[in-house]
Amino acid sequence: MWVLPLSRILTLKQLITELILHAVQPLVEDTSSLNIVLERPKSADHGDFASNIAMQLAKPLKQNPRVIAQQIIDGLPANQVISKVEIAGAGFINFFVSAHSKQAIVHTILRAGEDFGRNTSGQQQPVQVEFVSANPTGPLHVGHGRGAAVGDCLCRLLAANGWRVTREFYYNDAGAQIDNLTKSVLARAQGILPSDPAFPEDGYRGDYIADIAEAYLAKASVTADDMQVTASGTLEDVDAIRKFAVAYLRHEQDLDLQAFQIKFDVFSLESALYTEGKVEQTVQALIASGHTYEQDNALWLRTTDFGDDKDRVMRKKEGGYTYFVPDVAYHREKWNRGFSRVINEQGADHHSTITRVRAGLQALDVGIPQGWPEYVLHQMVTVMRGGEEVKLSKRAGSYVTLRDLIEEVGCDATRYFLAARSPDSQLVFDIDLARAQTNDNPVYYIQYAHARICSVLHQWGGDIARLQQAELSPLTSAAETALMQMLSQYPELVASACQALAPHMVANYLKELASALHSYYNDTKFLVEDAHVKQARLSLITATRTVLRNGLGLLGVSAPEKM
RNA sequence: GCGCCCGUAGCUCAGAUGGAUAGAGUAUUGGUUUCCGAAGCCAAGGGUCGUGGGUUCGACUCCCGCCGGGCGCGCCA
């Protein structure tokens with residue numbers, strides 16, 4: 001009898017993969033290059049797992065795949081997991097798992113609880129995720145909201161996969177846009193309205209500018225996550241206005257993020273890169289590396305050596321640095337801080353900076369890998385209400401703010417909708433759908449599944465902890481099998497969503513899991529007379545509740561017990 | 001002109017690393033509660049997967065061309 005490697009906890013999938021590997025060994029000389037992929041067939045007729053390994057081997061072995069498949073089946077070690085194996089189609093090997101092995105997932109989940117689905121693949125290595133990174137020139141808008149939702153879910157996924165995550169927010173607090181902000185606040189403080197010709201031409205025209213001006217004149221104090229400032233109220237001191245405006249808007253953004261249940265570990269300021277000499281050090285390092293040259297009174301970086309389509313100016317004719325120099329300095333700092341893995345979540349409108357930042361880092365010649373940092377870019381968001389695109393917000397003056405969305409549809413629905421689509425796809429945010437407290441709304445559909453289970457358990461009133469001892473053999477119906485199948489896929493889902501940096505996979509999974517639960521609920525009564533059967537069924541839905549809760553946790557969406 | 005993303009059911013979108021009969025929600029139609037929450041369930045109809053080639057035993061998936069949409073292409077950030 002083949003001995004299970006008990007030193008590791010194996011999923012059914014991993015276990016069957018091991019069995020196949022064992023059976024394949026006599027057929028091939030080197031199994032190290034083999035990629036044994038087990039998939040879950042769509043049709044139950046094709047078993048619980050299927051492997052295409054025989055078809056992969058057909059060419060190198062120069063044999064009929066069905067013959068190879070038979071050889072593999074003959075070589076499978078005896079075990080108690082597989083109840084039946086079949087060859088199908090061109091050479092698929094279909095595995096049917098014994099009922100007992102399928103049922104085991106329920107106890108696994110009940111034992112692991114909130115740890116179910118987590119793994120240690122990240123080995124507690126540090127990873128830094130930079131996201132939102134909005135400049136303090138106005139409220140956060142829907143686009144930032146998408147970045148916030150996706151970025152925060154990525155962090156939760158990484159943590160669930162054993163990474164040590166640092167959430168970081170970077171902003172420019174000193175550039176031309178901030179000057180513009182300062183002028184706008186000054187103008188409002190002087191009573192100049194945006195409609196007045198004297199108002200700064202490129203000034204910010206949203207109502208929030210007037211709020212800042214008013215607070216400044218009232219000598220208010222503001223506290224943001226990373227700073228505290230009290231206004232002097234004097235209009236002569238432009239620098240004081242700037243500092244106050246920045247702090248005020250940082251505070252506003254903190255409120256937005258807090259309403260969205262997102263907390264950052266580190267705030268980084270562009271100005272600090274200058275005052276601490278990091279920009280200058282980076283420039284000197286680039287010059288020393290020999291990848292720069294002077295031309296037209298400007299200093300250039302030969303980014304074309306690293307895949308860019310043209311070289312980039314570092315120091316302008318007038319003397320200042322272009323924006324990408326502090327960007328490179330900032331990322332050099334990330335590297336120096338020990339983050340061998342960094343992920344930047346940004347809007348797709350910034351994609352052109354990727355090549356430049358990476359080129360600058362390569363030019364430093366300090367051993368930074370070519371694909372570092374990683375990027376997740378999200379596409380634009382369109383907001384719809386009543387079948388029409390919403391473009392304006394009175395408060396912001398131009399765009400739909402995150403806070404408007406949260407106030408109108410709630411934190412849970414906003415997070416779900418912004419994270420439930422692939423970041424690569426443009427997103428249509430339908431306010432009517434998101435705020436609907438009906439079956440139209442997938443958020444409620446999932447939360448309802450959770451609440452339903454809670455309700456049943458409440459009515460039962462028994463000791464949930466004792467369900468771990470329940471005997472599970474009654475769980476054999478189609479609905480029960482389908483539900484257990486969904487549950488057993490959760491750990492793979494957590495791993496692959498993290499690998500693909502794709503939080504939306506979690507959202508889609510949860511919808512399917514909720515669907516399996518609702519089907520089961522309507523198919524089967526749980527609180528039946530037979531104590532044996534009742535215990536088994538309650539164990540299954542309790543396990544489902546755990547997975548729903550864990551999965552919603554990855555999205556940052558609540559799992560209510562009542563709705 | 002160049003680069004990145006997208007094009008799948010009327011609408012909004014899934015189909016990671018190529019697999020068997022392309023899925024879900026919504027909308028439409030028809031069923032379903034003396035019984036744990038009907039915010040539910042079951043079923044029907046609805047598709048040349050933008051298009052034309054190529055690679056492969058096998059392509060929604062990979063490669064090339066074309067069409068359509070979005071976003072970028074500054075000594076702005």
- Task: Determine the Euclidean distance between corresponding C1' atoms of rG58(B) and rG19(B); express it in Å to zero decimal places.
- Result: 6 Å
- Message: Using a 4.0 Å heavy-atom cut-off to protein, can you give one letter per nucleotide of nucleotides 56-64 of chain B, 5' to 3': B if the base is in contact, S if only the sugar-phosphate is, - if neither?
- Response: SS-------
- rU56(B) versus rG18(B) - spacing of their C1' atoms, nearest Å: 9 Å
- Item | Between rG31(B) and rG53(B) - C1' atom distance, rounded Å | 48 Å
- rC11(B) versus rU32(B) - spacing of their C1' atoms, nearest Å: 27 Å
- Relative to the ring of Tyr375(A), is the ring of His331(A) parallel (under 30°), tilted (30 to 60°) or perpendicular (over 60°)? tilted
- Message: For a quick check of understanding: with a heavy-atom distance under 4.0 Å over all strands, which category does Phe324(A) fall into, base, sugar-phosphate or nothing?
- Response: nothing
- Parallel, tilted or perpendicular for Tyr293(A) and Trp300(A), by the 30°/60° rule? parallel
- Task: Let me know, please, whether Val456(A) or Phe92(A) comes out on the 5' side of the other along RNA chain B by nearest nucleotide.
- Result: Phe92(A)
- Query: Taking the P atom of each, how far is rA20(B) from rG15(B), in whole Å?
  - Reply: 16 Å
- Tell me, which pairs form a side chain to side chain donor-acceptor pair (under 3.5 Å) where one or both residues lie in residues 492-513 of chain A, sequence neighbours left out? Lys13(A)-Glu492(A), Arg40(A)-Glu492(A)
- Pairwise P distance, rA9(B) and rG23(B) [rounded to whole Å]: 14 Å
- When rounded to whole Å, the OH to C1' distance for the pair Tyr521(A) and rU32(B) reads 15 Å
- Item | Between rU33(B) (C1') and Lys525(A) (NZ): distance, integer Å | 12 Å
- What distance, rounded to whole Å, do you find between the two P atoms, one in rC75(B) and one in rU17(B)? 39 Å
- Task: Would you classify Met314(A) as touching base, sugar-phosphate or nothing, given that sugar-phosphate means primed atoms plus P, OP1 and OP2, and contacts are heavy atoms under 4.0 Å?
- Result: nothing
Return a table of donor-acceptor pairs under 3.5 angstrom between the side chains of residues 518-527 of chain A and protein atoms on other chains or two or more places apart.
unit_1	atom_1	unit_2	atom_2	d
His518(A)	ND1	Arg452(A)	NH1	3.0
His518(A)	NE2	Tyr445(A)	O	3.2
Ser519(A)	OG	Ser515(A)	O	3.1
Tyr520(A)	OH	Glu480(A)	OE2	2.8
Asn522(A)	ND2	His518(A)	O	2.8

- Task: Ignoring backbone atoms, establish whether Ser455(A) has a side-chain N or O less than 4.0 Å from OP1 or OP2 of rG37(B).
- Result: yes
- On RNA chain B, check which nucleotide each of Gln459(A) and Phe49(A) is closest to and give me the residue with the more 5' one. Phe49(A)
- Checking all strands, does Asn94(A) fall into the base, sugar-phosphate, or nothing category for heavy-atom contacts under 4.0 angstrom? base
- Message: Treating primed atoms plus P, OP1 and OP2 as sugar-phosphate and everything else as base, which nucleotides of nucleotides 71-76 of chain B get B, S or - for protein heavy atoms under 4.0 Å?
- Response: BS-SBS
- Query: Does a side-chain N or O from Tyr445(A) land closer than 4.0 Å to OP1 or OP2 of rC41(B), or not?
  - Reply: yes
- Query: If you draw the axis of the six-membered ring of Trp372(A), does the NZ or CZ of Arg341(A) fall within 45° of it and under 6.0 Å from the ring centre?
  - Reply: no
- Task: Could you tell me whether Ala88(A) contacts a base, only the sugar-phosphate backbone, or nothing, with contacts defined as non-hydrogen atoms closer than 4.0 Å?
- Result: base
- Query: Should we count CD of Gln370(A) as having more than 12 external heavy atoms under 6.0 Å?
  - Reply: no
- Inter-nucleotide P distance (rC66(B), rU48(B)), Å rounded: 25 Å
- Item | d(CG, Asp412(A); P, rA39(B)) in whole Å | 19 Å
- Query: Base, sugar-phosphate, or nothing: which does Thr524(A) touch, judged by heavy atoms less than 4.0 Å apart?
  - Reply: base
- Message: What contact category does His518(A) fall into here, base, sugar-phosphate, or nothing, at under 4.0 angstrom with non-hydrogen atoms?
- Response: sugar-phosphate
- Item | Base-pair map of RNA chain B as dot-bracket, where | denotes pairing with a different strand and pairs are Watson-Crick or G-U under 3.5 Å | (((((((..((((.....[...)))).(((((.......))))).....(((((..]....))))))))))))....
- Query: Closest to the Asn172(A) side chain: rA39(B), rA20(B), rA77(B)?
  - Reply: rA77(B)
- Of Leu475(A), Leu467(A), Leu472(A), Ile453(A), which is the lone residue that meets side-chain contact (heavy atoms from CB on, under 4.5 Å) with Leu540(A)? Leu475(A)
- Item | Between rA77(B) (C1') and Gln346(A) (CD): distance, integer Å | 12 Å
- Message: Considering every strand and a 4.0 Å limit on heavy-atom distances, what is the contact class for Ala497(A): base, sugar-phosphate, or nothing?
- Response: nothing
- Protein-to-nucleotide contact annotation, 5' to 3' order, nucleotides 12-17 of chain B [B base; S sugar-phosphate only; - none; under 4.0 Å, heavy atom]: SSSSB-
- Message: So that I know where these two stand, are Phe131(A) and Phe169(A) an aromatic pair - ring centroids less than 6.0 Å apart?
- Response: no
- Query: Since syn is defined as within 90° of 0, does rU56(B) count as syn or as anti?
  - Reply: anti
- More than 12 non-hydrogen atoms from neighbouring residues, nucleotides or ligands closer than 6.0 Å to CG on Asn297(A), yes or no? no
- Provide, to the nearest angstrom, the distance between the CG atom belonging to Asn522(A) and the P atom belonging to rG31(B). 18 Å
- Distance check: side-chain N/O of Arg537(A) vs OP1/OP2 of rC36(B), anything under 4.0 Å? no
- Whole-Å distance between rA39(B) C1' and Leu517(A) CG? 14 Å
- Flag side-chain contact, heavy atom, 4.5 Å: Pro373(A) against Arg358(A): yes
